Every structure is written in C-alpha cells, then in structure tokens.
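See structure below.
Just so you know, these numbers use all the heavy atoms, side chains as well, and skip hydrogens, waters and symmetry mates. Below, chains carry the letters A, B, ... as their sequence lines are ordered, and counting in each starts from 1. Quick caveat, the model's predicted, so the values are computed rather than measured.
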Number of protein chains: 2
Amino acid sequence: MRLCETEESRVVRELMGKLGDKWSVLLVVMLAKAPGQRARFSELQRMLTGISQRVLTTTLRDAERDGFVAREVFAEVPPRVEYELTELGRSLLGPMEHLARWIGEHWPTIAAARERFDRRG
Amino acid sequence: MRLCETEESRVVRELMGKLGDKWSVLLVVMLAKAPGQRARFSELQRMLTGISQRVLTTTLRDAERDGFVAREVFAEVPPRVEYELTELGRSLLGPMEHLARWIGEHWPTIAAARERFDRRG
DNA sequence: CAGCATCCGCCCGGATACTG
DNA sequence: CAGTATCCGGGCGGATGCTG
C-alpha cells in the first residue's frame, strides 16, 4: 500500500484519526493486558483512568463496529457485559508496539526539539 | 517501552493524537515523496488537496516544533520558503509504512465488520 | 452494573480578508 | 508568495442525572 494515493490515503487518515483519538489505542492495549484479553465495563473504566462512562461507551462501540473488540452480554442480575479482543484487534498490537517503540526511542529528541522551538518563539 | 505505563502511555497518546490529526501524516508522506524531500509552501498546498492556508501553516508549525520538518526562508522577492524532512522526520516513515501496510491488509476486514454492525443497528 | 439522554464548553479546522 | 487576523460552525469529550 502506498500512502500517497488519494483513495488509500483517505483510508489511512481515517483510521489514523480513529486510532489517534483520546482513548482507542489505550483501550486495545489495556484489553490486551487483561487476563484472557477480556474485561467488563467497570474494569475497563478503572483501567482507563479518568475516562467517563459516556466516552468509554462510545469508544467501545466504535471499536466493536470496527471489529477490534467483541461484546458479550450475560443474562444475569446484576447485568454483566464483557469485552474481548478479537483476532483483528490482536493483530493491531504488532504495529502498535512498533510505533510505541519508535516513540519511546525518539521521544527525547522530540522533547528537545520542542524546547528549542518554544524558547525562540 | 511498555504501552501500559501511565506516564509513557500519555506520551504515546499525545503523539498518536498528533499523528492522527487530519493532515500531519500526509504532510510527512508528501514531503518524503518530493524531490530532495523538500518543497515550498505553495507546492505543499497543491499536494495536500483541499487544505487551507491557515491549516497548512499550523500543521507545518507543529511539525517544525516536533522536529519533523525544517523551515528555511530565502531572502528573495517574491519570498520563498522551503520545508525539508529532517532525519527525525525520515525515521518516522518506517513505522508509518508499517502501520499503513497493516491498514491496507486489514481494511477489507474492518469494512466488512462495519457493514455487519451497521446492518443490525 | 452497564448503560442512555441531555447539556455544554472547548478546540479543530474551514472560509474569508488582509499584509510584508 | 507566504503567510497573519478574524470569525464561525461542528464535533469531541466531560459532567450530571436517570433506567432496566
């Protein structure tokens, strides 16, 4: 895939935008860390410190729509809902860690560049 | 680098958010394609079809601040400004293409998942 | 417990007009 | 040519309150 082509670049941008939103990546990562790569709503809310119910819900719905997570409802009282990383979701971890490694390695350089830039105005 | 740690995950999220904005990735890619990995303002505006002057300016400033591109002003009339991919910016291309390849390979799966999801409501 | 509904402030990005 | 200045609408995401 070449990044430069208009149609494909649209797809790339669209998905980058999604992955770049405030919580999506962290959601996938946290789910990957969970035992069995499964967790329920309230567990995820604790893991994603600071996220609101509303935003966690929409983030989960988006991830479900894209096929990254699967939602399973248990007919119990009190209700229980579990979210699980799908095969597709797991396959995202590779590129994700790749990018995270790049960021980790180059973060000092970026931070230094910012400081230089900000000092000059 | 582990994605799960709070401080580092903040960094990852912050950079992912930036890379995920509407034009940043495309800017780096277009610049990478340009001869000498350099281009002037108006050339970039033509390459990034649909971008406004104002947004191209802020996108370039952000990329410059992070050290991805270098800005060079020529004391000429009419004025000429060229933007060039830095070493740091070039090193971004690896992870970027990696992610783009993943998206290209898995896009059909994602599109199918969306269609299924949307049909049920 | 796991949400949906509502309201709302903020910022991103587009449009337009002007300048060194 | 390469910006800056200003205005503005839409959407993201947080807070709160209510339900099956």
Side-chain angles (χ1 to χ4, degrees), chain A residues 9-10 12-28 30-31 34 38-66 69-84 117 120-121, chain B residues 9-10 12-28 30-31 34 38-66 69-84 117 120-121:
Chain A
S9 68
R10 243 204 63 256
V12 172
R13 240 201 351 257
E14 196 248 319
L15 217 54
M16 286 290 298
K18 190 170 289 290
L19 298 178
D21 79 359
K22 204 169 177 187
W23 299 103
S24 292
V25 170
L26 223 49
L27 168 67
V28 170
M30 289 321 230
L31 220 37
R38 302 171 64 85
R40 45 197 301 188
F41 190 89
S42 51
E43 291 172 340
L44 288 170
Q45 194 170 11
R46 263 191 302 280
M47 290 171 165
L48 303 174
T49 319
I51 197 173
S52 66
Q53 277 189 346
R54 183 195 175 294
V55 173
L56 177 55
T57 301
T58 66
T59 304
L60 282 166
R61 287 295 172 279
D62 281 353
E64 190 192 356
R65 187 173 109 96
D66 286 347
V69 305
R71 180 172 182 267
E72 191 174 1
V73 184
F74 297 85
E76 300 176 3
V77 178
R80 179 162 58 106
V81 178
E82 288 189 4
Y83 294 89
E84 177 183 30
F117 185 92
R120 299 189 320 232
Chain B
S9 68
R10 243 203 65 257
V12 172
R13 236 196 2 253
E14 197 248 318
L15 218 54
M16 287 289 298
K18 189 170 289 289
L19 298 178
D21 79 358
K22 203 170 178 185
W23 300 102
S24 293
V25 170
L26 223 49
L27 169 67
V28 171
M30 290 320 233
L31 220 38
R38 299 171 66 84
R40 45 198 300 188
F41 190 88
S42 51
E43 291 171 341
L44 288 170
Q45 193 169 12
R46 263 190 303 280
M47 291 170 164
L48 303 174
T49 318
I51 198 173
S52 67
Q53 278 190 344
R54 183 194 175 291
V55 174
L56 178 55
T57 301
T58 66
T59 304
L60 282 166
R61 287 294 173 279
D62 280 353
E64 191 192 357
R65 187 172 107 98
D66 286 347
V69 305
R71 180 172 183 267
E72 189 174 0
V73 183
F74 297 85
E76 300 175 4
V77 179
R80 179 163 58 108
V81 178
E82 288 190 2
Y83 295 90
E84 178 182 29
F117 185 91
R120 300 188 319 232

*Starting at atom CG of A:Leu27, determine the distance to atom C1' of D:dG13, rounded to an integer number of angstrom.*
16 Å
*asked:* Could you tell me how far apart A:Gln45 (CD) and D:dA15 (C1') are, to the nearest whole angstrom?
replied: 13 Å
*How many angstroms lie between atom CZ of A:Arg80 and atom CD of A:Glu72, to the nearest 0.5 angstrom?*
8.0 Å
*Close side-chain approach of A:Thr57 and A:Arg54, heavy atoms under 4.5 Å*: no
*Atom CG of B:Leu48 to atom C1' of C:dG13: distance rounded to whole Å?*
14 Å
*Take atom CG of B:Leu56 and atom P of C:dG14, then tell me their distance rounded to the nearest Å.*
11 Å
*D:dC12 C1' sits how many Å from B:Arg13 CZ, rounded?*
14 Å
*Could you state the CD1-P distance from A:Ile51 to D:dC12, rounded to the nearest angstrom?*
14 Å
*Residues from residues 74-84 of chain A lying under 4.0 Å of DNA chain C - heavy atoms*: A:Pro78, A:Pro79, A:Val81, A:Tyr83
*For B:Tyr83, which of B:Arg71, B:Arg38, B:Arg40 qualifies under side-chain contact (heavy atoms from CB on, under 4.5 Å)?*
B:Arg71
*Rounded to whole angstrom units, what separation is found between the CG atom of B:Asp62 and the P atom of C:dC11?*
14 Å
*Stepwise, does the side-chain contact (heavy atoms from CB on, under 4.5 Å) test hold for B:Phe117 with A:Asp66?*
CA-CA 8 Å; B:Phe117 185 91; A:Asp66 286 347; over 6 Å; no
*Hey, what do you get for OG1 (A:Thr58) to CZ (A:Arg65), rounding to the nearest 0.5 Å?*
13.0 Å
*Starting at atom CG of B:Asp21, determine the distance to atom P of D:dG11, rounded to an integer number of angstrom.*
18 Å
_Any B:Leu31 side-chain heavy atom under 4.5 Å of B:Glu84 side chain_ = no
*Gap between atom CG of B:Leu27 and atom NZ of B:Lys22 - 0.5 Å precision*: 15.0 Å
*Taking OP1 and OP2 of C:dT16, is either one under 4.0 Å from a side-chain nitrogen or oxygen of B:Ser52?*
no
_Residue pair A:Leu60 / A:Leu44, side-chain heavy-atom distance below 4.5 Å_ = yes
*asked:* Between B:Arg13 and A:Trp23 (side chain of the first, backbone of the second, donor and acceptor by atom type, cut-off under 3.5 Å), is there such a pair?
replied: no
Detail all sub-3.5 Å separations between protein N/O atoms and N/O atoms belonging to nucleotides 4-9 of chain D.
{"residue": "D:dT6", "atom": "O4", "partner": "B:Arg54", "partner atom": "NE", "Å": "3.1"}

